[in-house]
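Here's the structure we're looking at; comments come further down.
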Amino acid sequence: MLTVAFIRENKDLVLNGLAVRNFTDAENIINQVIEKDASRRATQAKLDNALSESNKLSKEIGILFKSGEVQKANIVKEKTGQLKELTKTLNEKLSAYEAELSDLLYQIPNIPNKLVPSGNSENDNETVFREGDIPKLHDGALPHWELAKKYDIIDFELGNKITGAGFPVYKGKGAKLQRALIAYFLDKNSEAGYTEVQPPLLINEASGIGTGQLPDKEGQMYHVGIDNLYLIPTAEVPVTNFYRDVLLKESDFPICNTAYTPCFRREAGSYGAHVRGLNRLHQFDKVEIVRIEHPDKSYEALEDMVNHVKGLLQELKLPFRILRLCGGDLGFTSALTYDFEVFSTAQDRWLEVSSVSNFETFQANRLKLRFKNKEGKSQLAHTLNGSSLALPRVLAGLLENYQTVDGIKIPEVLVKYTGFEIIN
RNA sequence: GGAGAGGUGGCCGAGUGGCUUAAGGCGCACGCUUGGAAAGCGUGUUUAUGAGAAAUCGUAACAGGGGUUCGAAUCCCUUUCUCUCCGCCA
């Protein structure tokens, strides 16, 4: 979330930013924030004075009791009674203001970077890069769900039986290809300087709040009620939360982590929640990269991440494009996002395989992730993350684009991981 | 699952109602000392928040939340985490 101080000092900038997102009612909410904040601060000043007074009196009482002047002490005691009433009501007021203020702040999305184009939907996203030839497939080329069945490498029906729709079973060379991709992505990320980590797959409430899934998107996560834990929707959640309530030194930057995890998403209410094949699943595998950066370096880092992901798709020789998301399509917490899409020839459509974002201080503020700057003051760090890469759609793209009459070829860079060159 | 013991500053650790933001030690920073270093000596060393141009001052925080009290690290309730033993177990 945005900090109150930022909103107070940059009201116009905030309003303009929210306009790029088509955020309605912005002026009203921002005014309320400023108003509640002023009330909050005034109330705190009053409360602090009252507490200060009452601390003084308590000390006096202590001294009086020690010296045996019990009567005098009792007189002072009476005074503190009134103060107690006062601090009680002021405290209640203060908590109320704080609660109202954070309710408001939770509703305000991040301010988009200058580069973000305005727009309402994915149609207004800006294509900033495109590479790779669309392969010409033989007659009778199939979409991946048909290929999966033909070569018996992914069994959707079996997943239905065990769990339900959106939980496929990978088999034989399909399972091996999946594992190969994970190993390949992790190796490439490590080479690029990311530290490999294996986080827990369940998170507590505090972590969900830290990265913004809670309090109001709990419907999107699977919840284990008996222990009040949530299955992670992405590795971003546990890995970014490593740094919750942390005060870094400048010399700690940059922090670069990569993690492979399964991801669990309920996809409640999302359009086409049960589309065919691998395009949208409740459980899928993803390799994520997460960075914590100095604010001055975060956009450099974003570019570096984009180039890194670009390199992966180039090596896999998949046709892809990079989109800069428009205000209307930008995630709630992001300031700038680049989506990577692979073209699937057999489906004749673009499939999102990665999303790389800079959140600036938006997550760090909730996480209380700070560093000591050169002036010795603590300052919020910037957080970034991206998929590097999400497995199912990469897999779909590979199966569909690499199919031949003899079988599905394996990209050269993956052969040393799979141990085979073709699925037939 | 059963029984017990604990959670204090960057770390170790003292502290069972007021003079404790918290002894002592370690670490770290600066200064003195030294040819240089070490040792020694001295000084300093939490975070958040409110007021202020700033210096600074106030408030809050001893796992989290609530309570008792004029006053809580200290007493009570509660949640949570860690450790030990037993049980079960990949």
Side-chain angles (χ1 to χ4, degrees), chain A residues 1-9 33-102 104-105 198-210 214-215 223-230 238 241-253 255 262 361 363-381:
Chain A
M1 70 190 164
L2 299 174
T3 65
V4 185
F6 181 82
I7 294 174
R8 211 187 325 157
E9 287 153 27
V33 166
I34 292 171
E35 198 181 297
K36 294 288 175 204
D37 177 53
S39 307
R40 193 203 100 235
R41 285 186 294 155
T43 307
Q44 176 158 358
K46 277 188 211 160
L47 176 63
D48 284 356
N49 284 335
L51 286 172
S52 171
E53 182 64 23
S54 126
N55 283 345
K56 257 184 234 157
L57 294 178
S58 290
K59 265 180 197 157
E60 266 179 49
I61 292 170
I63 294 163
L64 288 172
F65 269 125
K66 276 258 156 79
S67 58
E69 297 176 80
V70 180
Q71 278 195 331
K72 276 193 187 173
N74 283 329
I75 294 166
V76 182
K77 257 197 197 184
E78 275 173 37
K79 275 202 247 172
T80 59
Q82 297 165 12
L83 272 174
K84 231 188 166 184
E85 287 290 307
L86 181 64
T87 54
K88 202 182 161 197
T89 52
L90 284 173
N91 227 329
E92 280 162 8
K93 266 170 91 175
L94 186 66
S95 317
Y97 284 133
E98 277 169 352
E100 287 167 29
L101 194 56
S102 54
L104 289 166
L105 290 172
Q198 283 193 12
L201 305 182
L202 287 104
I203 52 141
N204 57 27
E205 241 172 34
S207 296
I209 290 168
L214 299 175
H223 183 219
V224 183
I226 192 167
D227 291 309
N228 196 24
L229 297 171
Y230 296 86
N241 270 284
F242 288 177
Y243 304 95
R244 168 157 50 85
D245 292 318
V246 165
L247 187 62
L248 297 166
K249 294 184 290 245
E250 279 210 26
S251 57
D252 293 333
F253 294 123
I255 293 172
T361 60
Q363 288 185 326
N365 187 30
R366 278 213 204 179
L367 291 162
K368 295 197 178 65
L369 164 52
R370 301 181 174 83
F371 68 98
K372 275 256 190 258
N373 65 20
K374 290 198 178 67
E375 289 81 53
K377 294 203 169 156
S378 46
Q379 187 181 339
L380 292 171

Using the side-chain contact (heavy atoms from CB on, under 4.5 Å) definition, which of the options Asp245(A), Leu247(A), Leu248(A) pairs with Arg370(A)? Leu247(A)
Taking salt bridge (charged side-chain N to carboxylate O under 4.0 Å, His left out) as the cut-off, I'd like each qualifying pair that reaches into residues 37-56 of chain A, sequence neighbours left out, listed once. Arg8(A)-Asp37(A), Asp37(A)-Arg40(A), Asp37(A)-Arg41(A)
C1' gap between A22(B) and A72(B), integer Å: 13 Å
Quick one: list whatever passes side chain to side chain donor-acceptor pair (under 3.5 Å) with Asp227(A), sequence neighbours left out. none
Taking atom C1' in both A60(B) and A5(B), what distance in whole Å separates the two? 31 Å
Who pairs with Asn204(A) by side chain to side chain donor-acceptor pair (under 3.5 Å), at least two apart in sequence or on another chain? Ser207(A)
Residues passing the side-chain contact (heavy atoms from CB on, under 4.5 Å) test with Thr3(A), sequence neighbours excluded, are Ala5(A), Phe6(A), Asn365(A), Leu380(A)
When the P atoms of C41(B) and A51(B) are considered, how many whole Å apart are they? 45 Å
Atom NZ of Lys88(A) to atom P of U69(B): distance rounded to whole Å? 12 Å
Can you list everything that forms a side chain to side chain donor-acceptor pair (under 3.5 Å) with Thr361(A)? Sequence neighbours excluded, please. none
C28(B) versus U20(B) - spacing of their C1' atoms, nearest Å: 24 Å
Considering only the C1' atoms, how many Å lie between C11(B) and G27(B), rounded to the nearest integer? 7 Å
Please report the distance separating the C1' of C83(B) from the corresponding atom of C30(B), rounded so that it comes out in whole Å. 40 Å
For each nucleotide in nucleotides 46-67 of chain B, reading 5' to 3', give B when a protein heavy atom comes within less than 4.0 Å of its base, S when such contact involves only the sugar-phosphate, and - otherwise. -SSSSS------BSS-------
Which residues pass the side-chain contact (heavy atoms from CB on, under 4.5 Å) test with Lys59(A), not counting sequence neighbours? none
Considering only distance and modelled atom types, tabulate donor-acceptor pairs under 3.5 Å from the side chains of residues 90-101 of chain A, sequence neighbours left out.
residue   : atom : partner  : partner atom : Å
Ser95(A)  : OG   : Asn91(A) : O            : 2.9
Glu100(A) : OE1  : Lys36(A) : NZ           : 2.7

According to side-chain contact (heavy atoms from CB on, under 4.5 Å), who are the partners of Asn373(A), at least two apart in sequence or on a separate chain? Glu250(A), Phe371(A), Glu375(A), Lys377(A), Gln379(A)
Hey, what are the protein-to-nucleotides 70-76 of chain B N/O distances that come in under 3.5 Å?
residue : atom : partner  : partner atom : Å
C70(B)  : O4'  : Thr80(A) : OG1          : 3.4
C70(B)  : O2'  : Ser58(A) : OG           : 3.1
G71(B)  : O4'  : Ser58(A) : OG           : 3.4

Partner residues of Gln82(A) under the side-chain contact (heavy atoms from CB on, under 4.5 Å) criterion, sequence neighbours left out: none
P gap between U78(B) and G9(B), integer Å: 25 Å
Give me the stems containing RNA chain B, sorted by first residue, counting only three or more consecutive Watson-Crick or G-U pairs with both distances under 3.5 Å; say none if there aren't any. B:1-7 with B:80-86, B:10-12 with B:24-26, B:27-32 with B:40-45, B:46-51 with B:56-61, B:63-67 with B:75-79
For Pro199(A) and Pro238(A), work out which heavy atoms get closest and say how close. CB-CB, 3.7 Å
Determine the interatomic distance between P on G25(B) and the same-named atom on G17(B); round to the nearest Å. 25 Å
